[in-house]
Amino acid sequence: MTTTGKSRSGSEGGESGNDSDRYTPANIEKKWQAKWEADGIYEAADSVEGKENYFALTMFPYPSGELHMGHWYAYAPADTHARFKRMQGYNVMQPQGFDSFGLPAENAAIERGEDPREWTYKNIENSRRQFREMGAGYDWTRELSTSDPEYYKWNQYWFLKFYENGLAYRKHGQANWCPQDQTTLANEQVKDGACERCGTPVIKRALPQWYFAITKYADELLEMDQIDWPEKIKTMQRNWIGRSTGTTIGFDVSEFAPGEKIETFTTRIDTVYGVTFVVLAPEHPLVEKLTQPSHKAAVEEYIVHAGRQTEIDRTSTEREKTGVETGSYCINPLNGERVPVLVGDYVLATYGTGAVMGVPAHDTRDFVFAKKYGLEIRVVVAPPNWDGGELEEAWIPVGTQLNSGEFDGLSSTDGKEAIADKIESENIGTRTITYHLRDWLISRQRYWGTPIPIIYCDDCGTVPVPEQDLPVILPENVTFEADGKSPLAKHPDFMHVPCPDCGKDAKRETDTLDTFVCSSWYQLRFASKNPLEEPIDIEKVKQWMPVNQYMGGAEHAVMHLLYSRFFNKALRDLGYLDFDEPYTKLMNQGMLVKDHKKISKRSNPLTPDPVVERHGADTLRCYLMFLGPWDQGGDWSDSGINGIRRWLGRVWDVVLRDESGLNGSGGEKHLDRASHTTTKRVLADMEAFKFNTSISALMEFTTEVARRYDAGDVPAAIWRVAVDRLLLHVAPLAPHLAEELWERTGHTGSIHLELNPKFDESLITSDTITLAVQVQGKLRDQIEVAADIDKDAAIAAAKSSPNVARHLENMAIVKEIYVPGRLVNIVVRPA
RNA sequence: GGGGGAGUGGCGAAAUGGCAGACGCGCAUGCCUUAGGAGCAUGUGCCUUAAUCGGCGUGCGGGUUCGACUCCCGCCUUCCCCA
């Protein structure tokens, strides 16, 4: 079907005249977006008679400006899945909002003098518009932005509740400090020793900071049996929490520092008889006391040098391990030996006890260290069949205890327990559980965040802001300088307040909360529609939570997802929630790349708007889902999108055909089989997020429906039912197109409120089947046989094939295999 | 160094242990046409062939099996996470 009189330019949507006959996305998408919103078809009631609630949530975006193609890749398939669940009969609630506090807004202020508030809300507006253009079926009545006072007020509320219950505390300590962003960072935000946001190497800085006591929940956070999450994410969380069981043991140094011991932690107490030195972190408090005058100069120089290194440098396995002697010795409590105490920068003060026992024979790093400094390497866990010779490298696996006093001869597995027993019974140490997980550092020396509701009074100390004074409003008119102080600290009106307890002049806390606090509980706020003077609506939360399906990128595996689980458990223990986990099911989409490279604004840009303009939102949605399995990511190429556009054009064309003249017969079985097979495939694939194969199935079905029409071998009514089925399956994928065609083919009401078609297994099976026939496992023919054929008949039929017979000549049949409905395999050997 | 993915045509990819390459891109040939970034039809893994037949083929090397992209063992490459 071609139109005439088209101009050469603007062939996509600039046509006039016969537009109604052609698929022209621009003509229909805006119309339906407006109508859906006016009709409120995606607004979820908190309960619907006869329907189960289904909370579909996708990690909300940071409004950085434009939604880029990566956002589309995350949100469009997620929206399709939520639409699919709605058509499966669930009362679906799919909200959207904005995680709108954070550094980029503030950096825009510092770099370009833009007001962070204006910048942020302008971006939110823009993102909202783009979500609408995507055709996303969000319940906008639940929208929230975390930078709104009515949201962040409740961050402050939770902070106070945590504080009252010992879950929030302030501590002077070594914090991760990003010199570029001029702020502290949580451990989770340090990647490879650098700031995860800007890549600047992170240094340690002593500061008083606020923490959430997430480590109190370390053990419970390790329990993940009841959540249906990718094993990969669970593993990452387990590794991050990093529970290890071992033994803490003290090495006496009273000879040099009266009454003192060096506490060390080891998971390999079985090797304790092999200790030939002990290493302290340069920051260890005993270094000063233990350094002998003769070694003082060398140690001090070493410590200065170490202070200039980043943690990543210090712990890199590539780098040579260095150390320096203190001149002191300590006593191994197991064998009474006197071993040297060194300072080494590969030991970090912030992990474990800040000191390690050196067992060169059984630890890789200690081995290298001992070789370098000529320290003794004493084997105490003998490798199997060890000849007593020098080791080439440290022996890490299990072995037989040796040089270990009364424990000689035990396997090191048993030795570990026996030695730990002895240490505990003699009170020289204890079994200890340690975690890699640290408490969550939540203070940020930044402006664009939630003010921490604390006041410091000279007389009363740390005083929480009274609940009725919340929210502590983030002031306007602040000055931005990258000088490591929160702009709030330079805002006198904000800072100086009377003490809530005594009324004397006092100062506010000027740090703000880590923005991950905002995203730790937003799902509860989405579930609590229109809460008035409370953080969450407990009754509504019960109706919706936990989230049925959570979707988002795997980059949040150990930050957001862990914090959110912690929040849920903490709020449960504070009496707000009655469930343990926030997200029942988790799906991680993969990364969208272009030319195998990460998409980036500067070097590898990819924006959706031109594609939407040219092909429409439906085409882009479907194309992103057709690229490949969603969880494995996709590789964008411009050329492939035409295939999807053609398919949607074919759907348009076939659905709008006039079937009134159809009155043939004979093709009904074909059409039934195709219909029910398609439904079976699509229902299973959509449920499992396999959008790519769903679309393949629908492409094939589109061809079948057109073929039956062309063949004219089905009655009109039956053909039209198949077309409706096609549209219903297309609806979650290409919502505008399906809605337009649904209306044009005489239906009333939105297609998105319809239910998915069902399938009848008995209509899928056919009377005849094609059997593959193999000889020696190689395909030799394909034969058409009755579907219910038995083994003997199938084999007989196979042998009657001339091509098969040729391969059986002069052969003796060894075995005959029949796989019902699939194939025959004849195994032979030369006769 | 540890943990986890992934490796299949020119490209994106599909395949409960059972006909490898569905579906789509691209390409080729043809049709249509007011010549165009449109539409339709047919073909398209590689080698051989006029065509069949046949042979080869899922990163590499072994193994289990009547039968392996799929399961097992050992490598290689690559991506992500953690050190």
Side-chain angles (χ1 to χ4, degrees), chain A residues 1-12 15 22 188 190-193 230-240 242 311-312 314-318 346 348 351 364-365 396 436 553-555 557-558 588 590-591 593 595-598 614-615 622-624 626-629 631-647 649-650 653 681 684-685 690 692-703 706 710 770-783 802-803 806-807 813-829:
Chain A
M1 193 178 307
T2 49
T3 53
T4 57
K6 271 175 291 177
S7 62
R8 234 184 115 172
S9 60
S11 62
E12 300 297 332
E15 298 101 332
R22 296 194 39 168
E188 287 79 2
V190 180
K191 301 282 169 205
D192 295 336
E231 213 38 58
K232 178 181 158 182
I233 302 292
K234 290 189 182 179
T235 303
M236 282 165 71
Q237 291 217 347
R238 275 189 211 104
N239 290 345
W240 185 260
E311 268 189 26
I312 186 69
R314 286 173 53 176
T315 55
S316 161
T317 45
E318 255 96 276
Y346 71 96
L348 301 178
Y351 279 96
T364 311
R365 289 188 309 182
I396 313 296
H436 172 262
E555 67 272 19
V558 289
N588 287 119
M591 214 198 312
V593 297
D595 305 324
H596 303 285
K597 291 194 299 269
K598 224 175 160 172
R614 189 166 148 63
H615 295 290
C622 290
Y623 182 54
L624 289 169
F626 189 63
L627 284 175
D631 57 347
Q632 281 171 36
D635 192 357
W636 175 274
S637 87
D638 295 320
S639 62
I641 199 165
N642 291 326
I644 292 291
R645 177 64 190 268
R646 270 180 215 136
W647 169 55
R650 284 201 296 136
D653 171 64
R681 286 169 68 183
D685 287 354
K690 288 150 83 176
N692 55 331
T693 47
S694 291
I695 291 172
S696 298
L698 291 170
M699 286 172 167
E700 289 178 66
F701 189 48
T702 307
T703 305
D710 293 341
T770 306
L771 279 188
V773 182
Q774 298 178 335
V775 178
Q776 299 294 70
K778 283 184 191 290
L779 182 70
R780 294 305 175 187
D781 202 3
Q782 298 183 13
I783 55 175
N803 205 32
R806 178 165 52 237
H807 286 92
I813 292 174
V814 176
K815 199 171 184 179
E816 293 164 331
I817 290 138
Y818 174 56
V819 183
R822 293 199 180 262
L823 60 68
V824 171
N825 188 15
I826 300 172
V827 185
V828 295
R829 62 175 156 74

Write down the distance between [atom1] ([X]) and [atom2] ([N]), rounded to a whole number of angstrom.
| X | N | atom1 | atom2 | result |
| --- | --- | --- | --- | --- |
| A/R22 | B/C40 | CZ | P | 11 Å |
| A/I233 | B/G5 | CD1 | C1' | 11 Å |
| A/N642 | B/G37 | CG | C1' | 8 Å |
| A/E700 | B/G24 | CD | P | 7 Å |
| A/D635 | B/G24 | CG | P | 20 Å |

Side-chain N or O of A/R646 closer than 4.0 Å to phosphate OP1/OP2 of B/G24: no

Output yes when at least one side-chain N/O atom of A/H436 is less than 4.0 Å from OP1 or OP2 of B/A83, else no. yes

Heavy atoms from C-beta onward define the side chain here; which of B/G18, B/C23, B/A13 lies closest to that of A/R822? B/G18

Please determine, for the side chain of A/T770, which listed nucleotide (B/G55, B/C23, B/C19) has the closest atom? B/C19

What is the nucleic acid contact for [X], judged by heavy atoms within less than 4.0 Å: base, sugar-phosphate only, or nothing?
| X | value |
| --- | --- |
| A/T693 | sugar-phosphate |
| A/Q774 | base |
| A/R780 | sugar-phosphate |
| A/R238 | nothing |
| A/L627 | sugar-phosphate |

Distance between the [atom1] atoms of [N] and [M], in whole angstroms?
| N | M | atom1 | value |
| --- | --- | --- | --- |
| B/U58 | B/A20 | C1' | 7 Å |
| B/C66 | B/G61 | P | 23 Å |
| B/A13 | B/A50 | P | 37 Å |

B/G67 pairs with, by Watson-Crick or G-U criteria that keep both distances under 3.5 Å: none

Mark yes or no for a side-chain to base donor-acceptor pair under 3.5 Å between A/R614 and B/G37, with no hydrogen or angle criteria applied. yes

Chi-based syn or anti call at B/G9, which uses purine or pyrimidine torsion atoms and a 90° bound: syn

